[in-house]
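Throughout, numbering of the chain's residues begins at 1 and tracks the sequence. Heavy atoms only: backbone and side chains are in, while hydrogens, waters and symmetry mates are out.
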Amino acid sequence: MSDTNAPWLIVGLGNPGPAYAANRHNIGFMVADLLTERIGGSFKRAQKAQAQVLEGRIGAPGPSSRRMVLAKPMSYMNLSGGPVTALRDFYKVPTANVVAVHDELDIDYGTLRLKLGGGDNGHNGLKSMTKAMGPDYHRVRCGIGRPPGRMQVADFVLKDFSSAERKELDWFVDRAADAVESLVADGLERAQSTYNS
């Protein structure tokens, strides 16, 4: 059981820069940006890590509200572990209170799965985080589906969402942000029962 007073570190995974902004691989950044809007703040460059951060509270005002640090690593996806670990240590966040929000190939587009721990499933951002701090952090897995035909995985994740996918994207990002808030405020089991589809 995690310390209820300990802060949470919510990490949206992606690649920095406008060339990557609308890529499938950047859905973690999209969710982090929406959470920033909901909190009513803006990202600032972290002093202690190569990341953009926003400190705030998540959940309804009152005793169920939780302190959290929202972060977007600016190191590129495959080097996410360094900035995340630096932020975890600086803000004294237990590893079990770290949440990675990321794209997931093995889940259909528009589907969410929340879990604690596990493998990296070939995801370079998770691989880097797990190497840096072990696997025992939460994941909000945002399904993007498999590449069509013979398209390489790297090409697929670094392409923008298709026009058909973009029709559902705002709804999907909104639902993923809801899932993050529920995970922090209500715990993993309740969030899974609502959002794991």
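With hydrogens and angles disregarded, no donor-acceptor distance shorter than 3.5 Å links the side chain of Arg146 to the backbone of Asp106. No side-chain donor-acceptor contact under 3.5 Å links Asn121 to the backbone of His123. Between the side chain of Asp136 and the backbone N or O of Ala96, no donor-acceptor pair lies under 3.5 Å. The main-chain N or O of Gly82 is never found under 3.5 Å from a side-chain atom of Thr85 such that the two would form a donor-acceptor pair. Checked by atom type and distance alone, the side chain of Ser75 pairs as donor or acceptor with a backbone atom of Leu79 at under 3.5 Å. In this structure, Thr36 contributes its side chain and Ala32 its backbone to a donor-acceptor pair below 3.5 Å.
The CD atom of Glu37 lies 7.5 Å from the CG atom of Asp33; values are rounded to the nearest 0.5 Å. With rounding to the nearest 0.5 Å, the separation of CZ in Arg113 from CG in Asp108 is 8.5 Å. Arg190 contributes atom CZ, which lies 13.5 Å from atom CG of Leu114 (distance to the nearest 0.5 angstrom). Between atom CD1 of residue Ile58 and atom CD1 of residue Ile10 there is a gap of 5.0 Å, rounded to the nearest 0.5 Å. Atom CG in Asn23 sits 9.0 Å away from atom NZ in Lys159 (nearest 0.5 Å). With values rounded to the nearest 0.5 angstrom, Asn26 atom CG is found 12.0 Å from Cys142 atom SG.
Contact detail for Ala132 and Gly81: the closest heavy-atom pair is CB-O, 3.7 Å. Nearest heavy atom pair, residue Phe43 against residue Leu70, reads CE2-O, 3.7 Å. When every heavy atom of Ser80 is checked against every heavy atom of Ser128, the shortest pair comes out as N-OG, 3.4 Å. Here the closest heavy-atom approach between residue Ala71 and residue Leu9 is recorded as CB-CD1, 4.1 Å.
For Arg166, the CZ atom is densely surrounded, since the number of other residues' heavy atoms within 6.0 Å is greater than 12.
Hydrophobic clustering (ILVMFWY, side-chain heavy atoms < 4.5 Å, transitive): Val184 and Val98 are in distinct clusters. One hydrophobic cluster, built from ILVMFWY side chains closer than 4.5 Å, cannot hold both Val69 and Leu35; they sit in different ones.
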Salt bridge (charged side-chain N to carboxylate O under 4.0 Å, His left out) between Glu55 and Arg67, worked out: CA-CA 8 Å; Glu55 295 177 60; Arg67 288 190 304 135; over 6 Å; no
Using the rule given for salt bridge (charged side-chain N to carboxylate O under 4.0 Å, His left out), can you reason through Asp170 versus Arg175, listing the C-alpha separation, both sets of side-chain angles and the distance that settles it, and then say yes or no? CA-CA 9 Å; Asp170 286 348; Arg175 187 167 167 79; over 6 Å; no
Show the numbers, then the answer: is there a side chain to side chain contact (heavy atoms under 4.5 Å, CB included) between Leu112 and Arg141? CA-CA 6 Å; Leu112 293 172; Arg141 304 159 74 206; over 6 Å; no
Could you check Val11 against Val99 for side chain to side chain contact (heavy atoms under 4.5 Å, CB included), going step by step and ending with a plain yes or no? CA-CA 6 Å; Val11 181; Val99 181; over 6 Å; no
Test side chain to side chain contact (heavy atoms under 4.5 Å, CB included) applied to Thr130 and Tyr137, step by step: CA-CA 9 Å; Thr130 297; Tyr137 54 91; 2.9 Å; yes
Begin from the C-alpha positions of Met30 and Leu169 and carry the test side chain to side chain contact (heavy atoms under 4.5 Å, CB included) through to its verdict. CA-CA 10 Å; Met30 296 173 197; Leu169 186 58; 4.1 Å; yes
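Side-chain polar atoms of Asn97 and His138 form no donor-acceptor pair below 3.5 angstrom. Residues Arg88 and Thr95 have side chains that bring a donor and an acceptor to within less than 3.5 angstrom of each other.
Between Thr194 and Gln192 the shortest side-chain heavy-atom distance does not fall below 4.5 Å. Arg24 has its side chain within reach of Ser162: a pair of non-hydrogen atoms, C-beta onward, lies under 4.5 Å apart. Residues His102 and Arg139 have side chains in contact (heavy-atom distance under 4.5 Å, counting atoms from C-beta outward).
Look at Asp186 and Arg66 and you find no salt bridge, because none of the NZ, NE, NH1 or NH2 atoms lies under 4.0 Å from a carboxylate O.
Note: Phe161 and Tyr109 meet the aromatic proximity criterion, with ring centroids under 6.0 Å apart.
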